[in-house]
Amino acid sequence: MAVKIDRHGQAAILSHPEIELLFAEGLQSDRDRALFGVCLYTAARIAEACSMLTEDVYTPAGRVRASVNIRKAATKGKLATRTIPVIEDLRSLLSVWQPHAGKIYLFPGRHPKHHWRHITSDSAAAILREACQRVGIEGASTHSFRRTALTQMSNAGIPLRVIQQVSGHRTLTELQKYLEVSDAQVRGAVASLSMLSYSGKARFHELEPELPSLRLTQSSENLKSQVVENE
């Protein structure tokens, strides 16, 4: 799969070590860790995370809610409000950020008087680029967190209809475009066909690792060398 380079290509799926490295050393502030934690642990688009309302995350007493709302008005296509349960990793990040959250928006803009505005997607993308450069992660973008979350759910065997409820995709076809299939999964899928093994089969030599085209090329080169020697 093509790696995203210079903002072109598909956003990379983040590995567990990369996620740990990014949150431990790449992202430099509680705000940035909370922002991208929302993207990772709710599978939210970056625009949805940036425009999230404080009241949809914290109770009036300042406690993190059991679930957060991604309001219909903030979603792509304005399809429907999504309610996502808060897991412990996200609760921890949001609890640390709570004293600094905006009056209206969870992640307000930098200007203290502009409390009615939120951080922009472009600003978030710039923050992530710097964080990735800091720790040497290539091919990642703000969309990587959403792709990583949805792929992880799929790999864990969660039914696509359930994942669609979390992601907010209009159709399963749109959702499946987000899910990455690894080489190991393909090998596992083909290996599962051994369950269809038949009895009475003949025994053969072990398969050679080279592809047929490679073997033919090597044989041709061997023949050429023999002709030269004979000459």
Side-chain angles (χ1 to χ4, degrees), residues 1-29 31-52 67-68 70 74-76 82-94 97 106-107 119 121-122 124-186 188:
M1 184 169 292
V3 175
K4 189 162 188 172
I5 300 175
D6 193 23
R7 308 185 200 181
H8 297 283
Q10 196 168 27
I13 300 292
L14 297 170
S15 66
H16 187 216
E18 286 176 330
I19 290 171
E20 288 192 334
L21 185 62
L22 196 55
F23 279 84
E25 300 179 25
L27 300 169
Q28 300 288 289
S29 71
R31 182 201 63 181
D32 298 343
R33 284 185 285 271
L35 172 61
F36 291 107
V38 168
C39 293
L40 179 62
Y41 297 122
T42 71
R45 299 176 178 89
I46 188 60
E48 295 170 341
C50 287
S51 60
M52 191 170 284
S67 58
V68 298
I70 301 175
T75 64
K76 185 177 181 180
R82 306 200 306 277
T83 300
I84 312 297
V86 175
I87 66 171
E88 190 57 37
D89 295 86
L90 179 56
R91 181 180 301 280
S92 176
L93 293 171
L94 291 174
W97 175 241
L106 180 61
F107 304 109
I119 186 174
S121 298
D122 287 343
I127 290 168
L128 181 62
R129 281 196 297 273
E130 291 180 3
C132 288
Q133 290 173 1
R134 194 173 287 121
V135 294
I137 294 176
E138 292 186 331
S141 75
T142 55
H143 217 51
S144 290
F145 297 94
R146 180 168 165 84
R147 289 198 69 223
T148 299
L150 299 180
T151 297
Q152 172 62 26
M153 292 181 202
S154 177
N155 292 348
I158 308 301
L160 288 181
R161 294 292 298 178
V162 177
I163 300 176
Q164 184 184 14
Q165 187 74 18
V166 176
S167 71
H169 282 104
R170 190 190 304 268
T171 66
L172 290 177
T173 300
E174 291 178 350
L175 169 60
Q176 287 173 320
K177 294 177 182 178
Y178 275 70
L179 308 180
E180 182 173 274
V181 177
S182 67
D183 292 341
Q185 287 173 310
V186 173

| said: Is it the case that the side chain of R134 and the backbone of G26 share a donor-acceptor pair, with hydrogens and angles ignored and the cut-off at 3.5 Å? | reply: yes
| said: Between M52 and I70, is there a side-chain heavy-atom distance shorter than 4.5 Å? | reply: yes
| request: In sequence, state the C-alpha distance, the side-chain angles, and the governing distance for L22 and C132, and then conclude on side-chain contact (heavy atoms from CB on, under 4.5 Å). | output: CA-CA 7 Å; L22 196 55; C132 288; 4.2 Å; yes
| request: Might you confirm whether atom CD of Q165 has over 12 heavy atoms from other residues, nucleotides or ligands at distances under 6.0 Å? | output: no
| request: Please work out which of the three classes, parallel, tilted or perpendicular, describes the rings of F23 and Y41, given edges at 30° and 60°. | output: tilted
| said: Could you go through T42 and V166, starting from their C-alpha distance and side-chain angles, then the distance that decides it, and tell me whether this counts as side-chain contact (heavy atoms from CB on, under 4.5 Å)? | reply: CA-CA 7 Å; T42 71; V166 176; over 6 Å; no
| query | Do the side chains of E18 and S15 get nearer than 4.5 Å, heavy atoms only? | reply | yes
| message | Measuring from atom CZ of F145 to atom CG of L35, what distance do you get when rounded to the nearest 0.5 angstrom? | response | 8.5 Å
| request: Answer whether the closest heavy-atom distance between the side chains of C39 and T142 falls below 4.5 Å. | output: no
| query | Quick one: are R146 and S167 in side-chain contact, heavy atoms under 4.5 Å? | reply | yes
| task | Measure across A43 and L150 and return the closest heavy-atom pair with its distance rounded to 0.1 Å. | result | CB-CD2, 3.7 Å
| query | Going from CH2 on W97 to OG on S92, what distance comes out if it is rounded to the nearest 0.5 angstrom? | reply | 15.0 Å
| Between CD on residue Q164 and CE on residue M153, distance to nearest 0.5 Å | 12.5 Å
| said: If I take atom CD1 from residue I127 and atom CG from residue D32, how far apart are they, to the nearest 0.5 angstrom? | reply: 4.5 Å
| field | Which atom of A140 lies closest to which atom of A12, heavy atoms considered | value | N-CB, 4.2 Å
| message | Working to the nearest 0.5 angstrom, can you tell me the gap between F36 CZ and I19 CD1? | response | 13.0 Å
| Can you check whether H143's main-chain N or O pairs, donor with acceptor, with R45's side chain at less than 3.5 Å? | no
Scan the side chains in residues 83-91 for donor-acceptor partners under 3.5 Å anywhere in the protein, sequence neighbours excluded, and list what turns up.
| unit_1 | atom_1 | unit_2 | atom_2 | d |
| --- | --- | --- | --- | --- |
| T83 | OG1 | N69 | OD1 | 2.9 |
| R91 | NH1 | V64 | O | 3.1 |

| message | Does any part of the side chain of Q28, heavy atoms only, come nearer than 4.5 Å to the side chain of E130, both counted from C-beta? | response | no
| Spacing of R31 atom CZ and L106 atom CG [to the nearest 0.5 Å] | 11.0 Å
| Do side-chain atoms of Q152 reach the backbone of A149 as a donor and acceptor pair under 3.5 angstrom? | no
| query | Side chains of L14 and I137: does their closest heavy-atom pair fall under 4.5 Å? | reply | yes
| query | Taking only residues two or more places apart in sequence or in another chain, which ones pass side-chain contact (heavy atoms from CB on, under 4.5 Å) with L21? | reply | E25, V135
| message | Test your reading of the model: is there a side-chain donor-acceptor pair from R33 to the backbone of L93, 3.5 Å cut-off? | response | no
| task | Report yes if the side chains of I46 and L128 come closer than 4.5 Å at any heavy-atom pair, otherwise no. | result | no
